[in-house]
*Asks:* 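Can you read through this structure? Questions will come right after.
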Amino acid sequence: MSDYSEYNFSLDGTSIGGLPRSVNLPTGVTQSGTMSSTSKAIDCFAGQKFSSKLQAYLVGYVNSINSQYSVFD
Amino acid sequence: MADATSITDTVTLDAVSVTATSTSGSGVSSGVLTGTTGTPSGPEVGTDVVYQEIKLYIEGVQVPFISMSISSNIGQSPYAAIEVPPQAGLMDIARYYQPKVHVFYTDNILGGERLLFWGHIAAVAYQRSKGQGSASIQFTCVHKNELLKGVTLDYTGYGNTNSSANTNPSDSAIKVNSLTSTLGIINALKGTTGVQTADSDKIVASNAKLSTVDTSLIDSSLISFEKRLLGMPGTVINFWNQLKRDGLSNPKLNQIFIKLYMPLVEEGLAYFERLTGHYSLETQVDGDRAEYCPHDVPSSKSNILIPPSRKINSTSAIQSAMTVEAIQSNLGYSGQLTDFGTLLTNFFYSIEYELITLASPATVAVDPSTFSDPDNAETFATVNRSISETIIKPQTPFYYAPICNVVFSSMFSSITVSQQEDQVPTRVSAVHDLLPSSGGTLSSFYRAPHSIREAVAIGASQNATETSSSATTIGLLDTTQSSYNTPGKYEQGRGVIPRNIIMPNWLAMFVSDKAPSVGSPAAETWPENSSQKYTDIVAAHSCWVDRYGYDITQSDATISRTRNAAKDPLDPASPLANIAPWQRILFETVDYEFTKQVAQSRSGSIEALFNPYIIPGYPMDIIDESPNYPSFHAMCGSVTHSITNGSISTTIGFMAATTYAEMSNYYIPPLHPWLEKALNMNNPVYSDISASASTESAANYGAARDTSSISSTLINNPIAKAAADDYYKSVLGITSADPSILYDFSTGAVSEVSRASGLWSASSESNTVSPNGGEATNYKSSMGNMRLVSRQIETKADITARFNIGFVEFNETNYTQSGASYLNPILDTNITLEPGASLFLDYEESKTFLAS
């Protein structure tokens, strides 16, 4: 049985629940040149830039709800 | 479980290729756009079967959605409700952060992906019904400009701002000392007067002369938009410059404003680049300033903008004084906390302007004095462009509609109109308990409409004749006291339905303190007989006489008009009225109040095709092709797009509806006289064209001239229509809709129109059929109708270029089988977060941030 280590799960009981531990970023997205370059709070608020961390999560969300496989959970 | 073989590696976001830095065109400032906006579809659209593509992006990532509604209403910013498939953790994206939301549609007429909504998530809701087997997450989104309400202004505490005791107890964005003082408002009413050139002009902390900078000079980065900021829109910049000056003068006390909100408003939102007024009108406002020198402010005179609602034909200091007083009484925030967005809204409301935010901003030529053909994609691509997102405009409920606000017969499926006639008053009285009337009694009444003033004047005359041995001349002033219980002419058939407005307290003190009495040389001066202003005065009065200067005799069989010059002094705008200038302003104000009461009476809604072009806050026309059903002219009040996977439609709410038949029989309720002049509404043709104004005697100054015809309504008024075209070209990039070419008022039949270069004309299209057998005449098909009303809307490409952001599309190119896993380092088990920290943002330590 897989130990899920390739997904960087923490199985020692100290992990924070509620969010997937990691997301799958398709190669096409990461190489498209369209993702944001920052997740700095001041850039995302005052500069109205996109948060790359949130983009990564949303790409994973889109991938999972549209995937032929089950929701990544 | 995801297929483990598709995840080959881990990745950090640093290694992800990002949006390349864009470069704007050479020689133009940031915010000026160039390049193609899209490729229009051909002249034939074939069938009316259309697939309308809508794309939703959250934080720049295209996300599937279940349903969506986007709403725009008069007096509010646009907002949206979006329903998406649920996932554990999705609700947390809006926790302690405002994820950006963009909605684009594919324009089937002009081509390209264009903006339907731009905002951020403000609220999240989750619902799940096990019985129905449904679940979804709903995001409530507000327009991005709502962030202006975060610029909170604290007026509490006065005195030495350097004192440590005078810090910011309310934790507002900025501590404001004098923004709504007389001086602050006078400064704001200077609008914009030029561009900062010298170092001593710049509003930066390093400027040793910062405390005395001229706040009417705009930053050099806005030089391309200078013309768009003339007139009343310039007051927004001026207010902002005052805030910057105050904030940067005490940087240690205003770090919230300096570090967060200055860059947000100026760069993040690019608020001022996307702000505009109606250039053809605002240049006239800007060019017709008045001096103001309040006796309690020991400074030199200032030339300030006077809004149309406070303008009169004569030259009088009262215009500027009443403007400042009215604004200050509305903005009196001493001891209170408010915000910049609310300040602007209240400021413009107090001068009968409004600030509207377009959910689908218009793309227009950056130079508002030019017009680029919106129907020619090649030439439009070569023009330097700007965006009209926030529009500062006077309230004009009864005016020409822009062509984008016309709903043709093939564009709507149902319409409802309701008419609350018993809510329309027969008379409106503005009352003040302490303002003495001309008769010496306390309390005075300013009444509308004209027929009521005329009746009250007759009542006063009858009363005076009974109590006086000699004949008494009665004028407009005598309508301000008792009404003598006199019914107005049109109340004979309806009874009396009064409505009272209470005038503000400050007015009585102001009048007694500052207003010269009637006839005093200090009260007002009139233009020379030979001047254009005098010509405009005579034209306006001649049009007034055409409306009200006749006795009309009616019987079953006949109707006749007999000129009655004794009525002429009842025109409040005319020199013949012999009233004080402040009283002219009050009469005009109450006339406009009656206009607003009429406007509220008839409302309705339309269920229509998806229509991204229509704009709430402007007049609209609804055309029904059958002469058996009425067509309407109305004011568009709300637009809601409802989108699901199976349907898409637009619901339009409107008010102040009049039927086209009604329009041909009534004068439109009056605009402010100055607006009527500025918009060229009054167009008399004089009988004796050889008569010269300069030969008129002083006794007849401003008297009406005999006319052979009058055009002063929306119908058959080509000069006014041309002015309306100019009014809309600079802001929306299209022209105005002339009811005279939409509808044959002699037969009651609608007329076909065609479009070329953004302008309509009586149709010259012969009935044509497309190769697939579909209808190719624009007037006769739904998509053809949409082509007639289309306008250039901001594109996704322009947003990407200006704001240097990219959008991750949901397509096979991006969502490849191969990928890499990414772990957000915040989710490291050793780190727990304080409530307030978003999981998706990187924060600097405060010491580092404040030192930067």
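Just so it is clear: chains get the letters A, B, ... in the order the sequence lines come, proteins before strands, and each one is counted from 1.
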*Asks:* Hey, what do you get for CG (B:Asp842) to CD1 (A:Ile42), rounding to the nearest 0.5 Å?
*Replies:*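 Taking CG in B:Asp842 and CD1 in A:Ile42, the distance rounds to 13.0 Å.
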*Asks:* How many angstroms lie between CG in A:Leu58 and CD in B:Glu59, if you round to the nearest 0.5 Å?
*Replies:*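 So the CG of A:Leu58 and the CD of B:Glu59 are separated by 7.5 Å.
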*Asks:* What residues form a salt bridge (charged side-chain N to carboxylate O under 4.0 Å, His left out) with A:Asp43, not counting sequence neighbours?
*Replies:* none
*Asks:* Could you measure the distance from the NZ atom of A:Lys53 to the CG atom of B:Leu839? Nearest 0.5 Å is fine.
*Replies:*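 Answer for the NZ-CG pair, A:Lys53 versus B:Leu839, is 10.5 Å.
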*Asks:* Quick one: does A:Ser32's side chain have a donor or acceptor within less than 3.5 Å of a partner on B:Asn814's backbone?
*Replies:* no
*Asks:* Are the side chain of B:Lys259 and the backbone of A:Ala46 linked by a donor-acceptor contact shorter than 3.5 Å?
*Replies:*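 No; zero donor-acceptor contacts below 3.5 Å.
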*Asks:* When you measure from the side chain of A:Lys49 to the backbone of B:Phe803, do you find a donor-acceptor pair of N or O atoms at a distance under 3.5 Å?
*Replies:*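 Flag set: sc A:Lys49 to bb B:Phe803 pair under 3.5 Å.
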*Asks:* Using 0.5 Å steps for rounding, measure from the OG atom of A:Ser37 to the CD1 atom of B:Ile805.
*Replies:* 11.5 Å
*Asks:* What closest approach, in Å, do A:Cys44 and B:Tyr97 show between heavy atoms, and which atom pair accounts for it?
*Replies:*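 Shortest heavy-atom separation between A:Cys44 and B:Tyr97 comes out as CB-OH, 3.6 Å.
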*Asks:* As an exercise: rank B:Tyr815, B:Tyr843, B:Phe810 by heavy-atom pairs under 4.5 Å with chain A and give me the winner.
*Replies:* B:Tyr815
*Asks:* Under 4.5 Å from any heavy atom of chain A, what part of B:Glu844 do you find: side chain, backbone, both or neither?
*Replies:*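 Side chain of B:Glu844 only, per the 4.5 Å heavy-atom cut-off to chain A.
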*Asks:* Find the distance between OG1 (A:Thr34) and CD (B:Gln62) and round it off to the nearest 0.5 Å.
*Replies:* 11.0 Å
*Asks:* Would you say the side-chain atoms of A:Gln55 pair up with the backbone N or O of B:Val61, donor to acceptor, closer than 3.5 Å?
*Replies:*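 Such a contact is absent between A:Gln55 side chain and B:Val61 backbone.
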*Asks:* Looking at B:Ala270, B:Ser838, B:Gly268, which one has more heavy-atom pairs under 4.5 Å with chain A than the rest?
*Replies:* B:Gly268
*Asks:* In this structure, which one of B:Val808, B:Val84, B:Val63 forms a side chain to side chain contact (heavy atoms under 4.5 Å, CB included) with A:Val62?
*Replies:* B:Val63
*Asks:* Could you grab the distance from atom OH of B:Tyr822 to atom OG1 of A:Thr30, nearest 0.5 Å is fine?
*Replies:*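 If I round to the nearest 0.5 Å, the distance is 13.0 Å.
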*Asks:* Kindly write out the residues that satisfy side-chain contact (heavy atoms from CB on, under 4.5 Å) with B:Ala94, not counting sequence neighbours, or none if the list is empty.
*Replies:*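 With sequence neighbours excluded, B:Ala94 shows a side-chain contact (heavy atoms from CB on, under 4.5 Å) to B:Pro99, B:Ile121, B:Val124, given in chain and number order.
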*Asks:* Does A:Tyr57 use its side chain to pair, donor to acceptor, with the backbone of B:Leu90 at less than 3.5 Å?
*Replies:* yes
*Asks:* Before you tell me yes or no, could you show the steps for A:Phe50 and B:Phe840 under side-chain contact (heavy atoms from CB on, under 4.5 Å), namely the whole-Å CA-CA distance, both residues' side-chain angles and the distance that decides it to 0.1 Å?
*Replies:* CA-CA 10 Å; A:Phe50 297 140; B:Phe840 305 102; over 6 Å; no
*Asks:* Spell out, as yes or no, whether a donor-acceptor pair under 3.5 Å connects the side chain of B:Thr816 to the backbone of A:Gly28.
*Replies:*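 Between the backbone of A:Gly28 and the side chain of B:Thr816 there is a qualifying donor-acceptor contact (under 3.5 Å).
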*Asks:* What part of B:Glu809 gets closer than 4.5 Å to chain A, counting heavy atoms only: side chain, backbone, both or neither?
*Replies:*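 Neither the backbone nor the side chain of B:Glu809 comes within 4.5 Å of chain A.
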